[in-house]
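Residue numbers begin at 1 in each chain, while the letters A, B, ... track the order of the sequences. The model shown is predicted, which means the values in this text are computed figures rather than measured ones.
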2 protein chains.
Amino acid sequence: MRIGELAERAGTTTRALRYYESRGLLPARRAVNGYRTYDEDDLRLLQQIRTLQDFGFGLEETRPFVDCLRAGHPAGDSCPASLDVYRRKLSELDALIGQLQTVRTQVGAQLARAELEAGATLPGGPEPRCELTDGLTE
Amino acid sequence: MRIGELAERAGTTTRALRYYESRGLLPARRAVNGYRTYDEDDLRLLQQIRTLQDFGFGLEETRPFVDCLRAGHPAGDSCPASLDVYRRKLSELDALIGQLQTVRTQVGAQLARAELEAGATLPGGPEPRCELTDGLTE
DNA sequence: GTAATCCTTGACGTCGGCGTCAAGGCAAGG
DNA sequence: CCTTGCCTTGACGCCGACGTCAAGGATTAC
């Protein structure tokens, strides 16, 4: 199979495949005319790469999985190096999620406070019932 | 005050200040010799920018806050446009956090499964008690 | 034969927020 | 006068994962 068919079957592009090859991640055999040639095993390697990419793994992080498959293991995560990547990714995710939740809380608090202050000074708000200013707005 | 002092007082760099100016976010007056000149109000604008940047806001998202301060409002988030930015950021954060949590769950499940499978075939695991293979490993 | 569709390599563009030179001007202290 | 330290503009570098274009060779369809 040539590069176009492989790309289509994996739901990616030829450009991505050439990029992977340039990174040494997915080398290709060559036909006599110079065309890249792939087989079903390459498709499996590529699917492993795509799956991890979709999960947000960097390309380099997919390398242990690909190497593991190429070494003949049944799954890309059958090797210790792959499990290490999983674990590092988990701690990265936990750290990132924690930070984002902190930010979310802070931004939410700022919004609530700002909305309150806006409501306290604008006429469409929750009617502050302040006799001193009521006379001015009516 | 000149650019170096402002940068230091705001905990940023001169390069960042020139960048903000190039984006029209924080224009500077000029002294006779061409040096950029700033005052305390500029420091407040800059602090608003830095705070939002630290929260993960893009530069363009800080613009409404800066404009709001420059219009004479007491806080950068005293204007409706700023509140809209808050709200959009909140929904962005919620979406992102949700995605990351989904990924975290999936990766965690993959790790657990892969660790189990590794333990089932490797000798250091939880001793599967399989008579057929036990004889081979001992 | 020739048009359409594949394939090749090479190289520059993208996005954000600056970092990092390079080459030179201006001001102050010794 | 000379050095030191601030300032100026301009321009390229960076990171990641490709997109996009260019110029040309190979193959297939008609």
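- Taking atom CZ of Arg50(A) as the reference point, atom C1' of dA17(D) lies 9 Å away to the nearest angstrom.
- In this structure, Tyr35(A) and Ile3(A) have side chains that are not in contact, with every pair of non-hydrogen atoms separated by 4.5 Å or more.
- Put simply, CG on Leu17(B) is 10 Å from P on dC18(C), counting in whole angstrom units.
- At least one side-chain nitrogen or oxygen of Asn33(A) sits closer than 4.0 Å to the OP1 or OP2 atom of dT27(D).
- For Phe55(A) and Tyr86(A), the gap between ring centers reaches or exceeds 6.0 Å.
- The CG atom of Leu83(B) lies 11.0 Å from the CD atom of Gln110(A); values are rounded to the nearest 0.5 Å.
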(message) Run Leu25(B) and Glu21(B) through side-chain contact (heavy atoms from CB on, under 4.5 Å) and show every step you take.
(response) CA-CA 6 Å; Leu25(B) 201 59; Glu21(B) 181 173 5; over 6 Å; no
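- The residue Arg18(B) sits close to a base: some heavy atom pair falls under 4.0 Å.
- Separating the CG atom of Leu25(A) from the P atom of dC18(D) is a distance of 10 Å, rounded to the nearest angstrom.
- In this structure, the CD1 atom of Ile49(B) is 14 Å from the C1' atom of dC18(C), given to the nearest Å.
- Between Arg87(A) and Glu115(B), at least one side-chain N (NZ, or NE/NH1/NH2) sits under 4.0 Å from a carboxylate O, which counts as a salt bridge.
- Residue contacts shown for Arg30(A) are limited to sugar-phosphate atoms, with no base heavy atom under 4.0 Å away.
- Within the 4.0 Å cut-off from OP1 or OP2 of dC18(C), at least one side-chain nitrogen or oxygen of Gln53(B) is found.
- In this structure, Ile3(B) places its CD1 atom 12 Å from C1' of dT9(D), rounding to the nearest Å.
- The interatomic distance linking Glu5(A) (CD) with dT5(C) (P) rounds to 18 Å, in whole Å.
- A straight line from OH of Tyr20(A) to C1' of dA17(D) spans 8 Å, rounded to a whole angstrom.
- Toward the 5' end of DNA chain D, the nearer of the two residues Ala16(A) and Tyr35(A), judged by each one's closest nucleotide, is Ala16(A).
- Taking atom CG of residue Asp54(A) and atom C1' of nucleotide dA17(D), one finds them 13 Å apart after rounding to whole Å.
- Distances were taken from every side-chain heavy atom of Thr13(B) (C-beta onward) to each of dA27(C), dG19(C), dT9(C); the shortest belongs to dG19(C).
- Across the interface with DNA chain C, nearest-nucleotide mapping of Gly58(B) and Arg15(B) shows Gly58(B) to be the residue nearer the 5′ end.
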